[in-house]
Peer 1: 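Here it is, the structure in full.
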Amino acid sequence: MSHHHQAVASPDAHPASVRVGSQRVSHPDRVIDPSTGLTKLDLVRYYESVAELMLPHLQGRPVAQVRGPQGVRGPLFFQRHDAHADDEEAPLKISSADALLAAAQLNVIEFHTGNARFRTADKPDRIVFDLDPGEGAAWSQMQEGARLVRSMLQELGLQAWLKTSGGKGLHVVVPIASRWPADSLRAFSKAVVDHLAKTLPQRFVAKSGPRNRVGKIFIDYLRNGSAATTVAAFSARARPGLGVSIPVAWEQLPELTSGAHWTVQTAGDHLAVEKVDPWADYAGSRQSLGVAAKTLGLKFAPRSRSRA
Ligand code: ATP
Ligand code: MN
């Protein structure tokens, strides 16, 4: 992958920097994942190739990033604030391909986002169900678990979208109207997860802690707390193999082999042959939780109480 680039600073086999789009990438040949030999340039090129698809998932939301200056085996730094802003607490924003590549040049490997947009910071517009396999849980259990979560949500009148996490698990995402505070959404997702764990206790567990999870699927409802973030669609993961989080159609679920089914190396080929965006209807879907909350026995604040 990295052998056809054009040297910028020196003509030898180890150029000091390589241009990718608007960015000058330093240390292009630095291996960031020894398990595959993938380099910093491979990762920057990956982000260049998916920038158009990825940006809608980053724009308008607070971004948290995982930097790995020495690659996936070195120390990793989780950052949620813009180090260059005057205000130390200023959230990170990524709104262009240039900004995305600039971050990758600064050794950012992963990009995460919050559930609320800046415009409506106290009213998230999505709920995330993070499905993690406990020790000994087979991948087929994860596939079945994701289907069950989808079915439960469908029974509640909600459409859900699926993505690989790029790591061990799957993320089920429910886009909603930006109408309820994070506390309500956390209570809502807790009710969904508690119900699943109560009715299907051999498959799901709502309690954290590795012991509780053996052979089961843990669903982390805390992903819906006000400060929580989740890895963005198309982000790479700072783990051996450089898996990537990729949106998938529910019909594709049986063909998946793991949460890292696609990687920085293989995602390009997959995306090139994919004819229909499996998340085509996701963006415009602002679902109401009113009926679902009522079905779960939750009392949501009425709409009129919103300050917006
Ligand atoms: P997997 O499928 O392997 O579980 P995942 O993305 O679902 O992958 P993690 O990689 O464990 O799960 O991510 C943990 C979550 O916590 C992420 O959503 C991330 O936004 C957040 N996170 C990760 N590191 C930190 C940190 N140092 N501080 C605060 N939040 C973090
Ligand atoms: Mn997870």
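Note that ligands are numbered from 1 as they come in the structure, with each ligand's atoms numbered from 1 the same way. When a residue number appears, it is its place in the shown sequence, counting from 1.
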Peer 1: Nearest heavy-atom pair of K216 and A137: which atoms, and what distance?
Peer 2: O-CB, 3.7 Å
Peer 1: Without placing hydrogens or testing angles, list every side-chain donor-acceptor pair under 3.5 Å for residues 50-64, not counting sequence neighbours.
Peer 2:
| from | atom 1 | to | atom 2 | distance (Å) |
| --- | --- | --- | --- | --- |
| Q59 | NE2 | S95 | O | 3.0 |
| R61 | NH1 | G114 | O | 3.3 |
| R61 | NH1 | N115 | O | 3.2 |
| R61 | NH1 | D125 | OD1 | 3.0 |
| R61 | NH2 | D125 | OD1 | 2.9 |
| R61 | NH2 | D125 | OD2 | 3.3 |

Peer 1: Under a 4.0 Å heavy-atom cut-off, which residues neighbour ligand 1?
Peer 2: F78, H112, D130, D132, S165, G167, K168, G169, H171, R223, T229, T230, R237, R239
Peer 1: Do the non-hydrogen side-chain atoms of F111 and L92 ever get within less than 4.5 Å of each other?
Peer 2: no
Peer 1: Do NZ/NE/NH1/NH2 and the carboxylate oxygens of D194 and K190 come within less than 4.0 Å?
Peer 2: yes
Peer 1: Take the Mn ion (ligand 2) and tell me which protein N, O or S atoms are nearer than 2.8 Å.
Peer 2: D130 OD1, D132 OD1
Peer 1: For R80, what residues pass the salt bridge (charged side-chain N to carboxylate O under 4.0 Å, His left out) criterion, not counting sequence neighbours?
Peer 2: none
Peer 1: Is it true that the side chains of T39 and D42 contain a donor and an acceptor less than 3.5 Å apart?
Peer 2: yes
Peer 1: Please examine the side chains of P278 and E251, heavy atoms only from C-beta on, and report whether any two atoms are closer than 4.5 Å.
Peer 2: no
Peer 1: Spell out, as yes or no, whether a donor-acceptor pair under 3.5 Å connects the side chain of Q79 to the backbone of Q65.
Peer 2: no
Peer 1: Does V20 offer a backbone N or O that forms a donor-acceptor pair with the side chain of Q23 under 3.5 Å?
Peer 2: no
